[in-house]
Amino acid sequence: MLPFKRPDEPTYLKENWQKWGDAYATRRTIDAGARFQWPQLDHEKINKPLSELLSSASQEHCAYCDSHPLGKWENSIDHFRPKSIPEFYLLVCKWENLYFSCPNCQGFKKEKWSDAPRLIAPDEEGYSFERFFIIDFSTWQIEPNPKASEFDQQRATYTITTLGLRDSKHVKGRKSNWELYDLKSRVGEPYVIDDFAYRYMLA
């Protein structure tokens, strides 16, 4: 997870997110099993342009685990505060609640939420990878930073568990990406950091 700067909120979202959130909340109040559908503008669902904006902020990497490349953009927006929890119904189209995310992180996260400890957001104020996490290069695992405060370690542990950052897919991916980066570095071959997954290892 690398820090990123969120782009400016698109006008169509700024003008409509409350209306769309109210409509979703009403549907869920009437029918608890109602599924969320992305609203449309000009006969096009808004998740496609939203994905393009969000992906540009993280250089087309997952905002959570930093995997790269990802699959289809239209299926890659995560609701940070889950859309199935009543207190968050109104945030279903809130700009600050939307993140570009891989299917793996979404599959682990699902509708989990905790206020204490709270999931770490990569664009929250004061976030840096080093503040919360370290990489164990002997196991290729992300671990809570042992020098962090107890509260930050609790948040790091919750984030690692909730997003499945100890999954074997990530372990293999970190190892293979590091080996490729190391090879290119040793032979002097040009490379672009954003072409690699798990860029926090290279910082």
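We use all heavy atoms of the structure for the numbers below, so side chains are in, but hydrogens, waters and symmetry mates are not. Residue numbers run from 1 in the order of the sequence given.
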Query raised in the report: Would Glu124 and Arg155 pass as an ion pair if we require N to O under 4.0 Å?
Result: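 So Glu124 pairs with Arg155 through a salt bridge.
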Could you list the donor-acceptor pairs under 3.5 angstrom formed between side-chain atoms of residues 142-153 and any protein atom two or more places apart in sequence or on another chain?
| residue | atom | partner | partner atom | Å |
| --- | --- | --- | --- | --- |
| Glu143 | OE1 | Arg166 | NH2 | 2.9 |
| Asn145 | OD1 | Lys147 | N | 2.9 |
| Asn145 | ND2 | Glu130 | O | 2.7 |
| Ser149 | OG | Asp152 | N | 3.1 |
| Asp152 | OD1 | Arg131 | NH2 | 3.3 |
| Asp152 | OD2 | Arg131 | NE | 2.9 |
| Asp152 | OD2 | Arg131 | NH2 | 3.4 |
| Gln153 | NE2 | Pro146 | O | 3.4 |
| Gln153 | NE2 | Ala148 | O | 2.9 |

Report task. Work out which heavy atom in Cys65 is nearest to a heavy atom in Cys62; give both atom names and the distance. Result ->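 Smallest heavy-atom distance, with atoms named: N-SG, 3.5 Å.
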In terms of heavy-atom contacts, does [atom1] of [X] have more than 12 from other residues, nucleotides or ligands at under 6.0 Å?
X      : atom1 : answer
Lys112 : NZ    : yes
Asp8   : CG    : no
Lys175 : NZ    : no
Asp115 : CG    : yes

**Report entry** Stepwise side chain to side chain contact (heavy atoms under 4.5 Å, CB included) check, Lys169 with Ser67
**Finding:** CA-CA 10 Å; Lys169 169 185 178 292; Ser67 59; 4.0 Å; yes
Requested in this report: List the steps and the verdict of side chain to side chain contact (heavy atoms under 4.5 Å, CB included) for Phe36 and His79.
Outcome: CA-CA 11 Å; Phe36 172 70; His79 293 83; 3.9 Å; yes
Residue pair [X] / [Y], side-chain heavy-atom distance below 4.5 Å:
X      : Y      : answer
Trp95  : Leu50  : yes
Cys105 : Asp78  : no
Arg6   : Leu54  : yes
Trp20  : Trp38  : no
Asp123 : Tyr99  : yes
Tyr158 : Leu119 : yes

Requested in this report: Please assess Phe133 against Ile160 for the test side chain to side chain contact (heavy atoms under 4.5 Å, CB included), listing each intermediate value before the final yes or no.
Outcome: CA-CA 9 Å; Phe133 307 105; Ile160 290 168; 3.7 Å; yes
Query raised in the report: Run the side chain to side chain contact (heavy atoms under 4.5 Å, CB included) check on Asp31 and Arg27 step by step: do they pass?
Result: CA-CA 6 Å; Asp31 177 7; Arg27 289 199 304 274; over 6 Å; no
Query raised in the report: What residues, two or more places apart in sequence or in another chain, satisfy salt bridge (charged side-chain N to carboxylate O under 4.0 Å, His left out) together with Arg81?
Result: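 So Arg81 forms no salt bridge (charged side-chain N to carboxylate O under 4.0 Å, His left out) with any residue.
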Query - Exam field: side chain Thr162 to backbone Thr159, donor-acceptor pair closer than 3.5 Å - result: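 Flag not set: sc Thr162 to bb Thr159 has no pair under 3.5 Å.
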Query raised in the report: Between Phe80 and Phe88, is the ring centre distance below 6.0 Å?
Result: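 Centroid separation for Phe80 and Phe88: 6.0 Å or greater.
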Query raised in the report: After noting the C-alpha distance and the side-chain angles of His61 and Phe4, does the key distance pass the ring pair (Phe, Tyr, Trp, His ring centres under 6.0 Å) rule?
Result: CA-CA 11 Å; His61 291 63; Phe4 76 90; over 10 Å; no
Query raised in the report: Under 6.0 Å from the six-membered ring centre of Phe137 and within 45° of its axis: does the NZ or CZ of Arg174 meet both?
Result: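 Geometry flag: not set, cation outside 6.0 Å or 45°.
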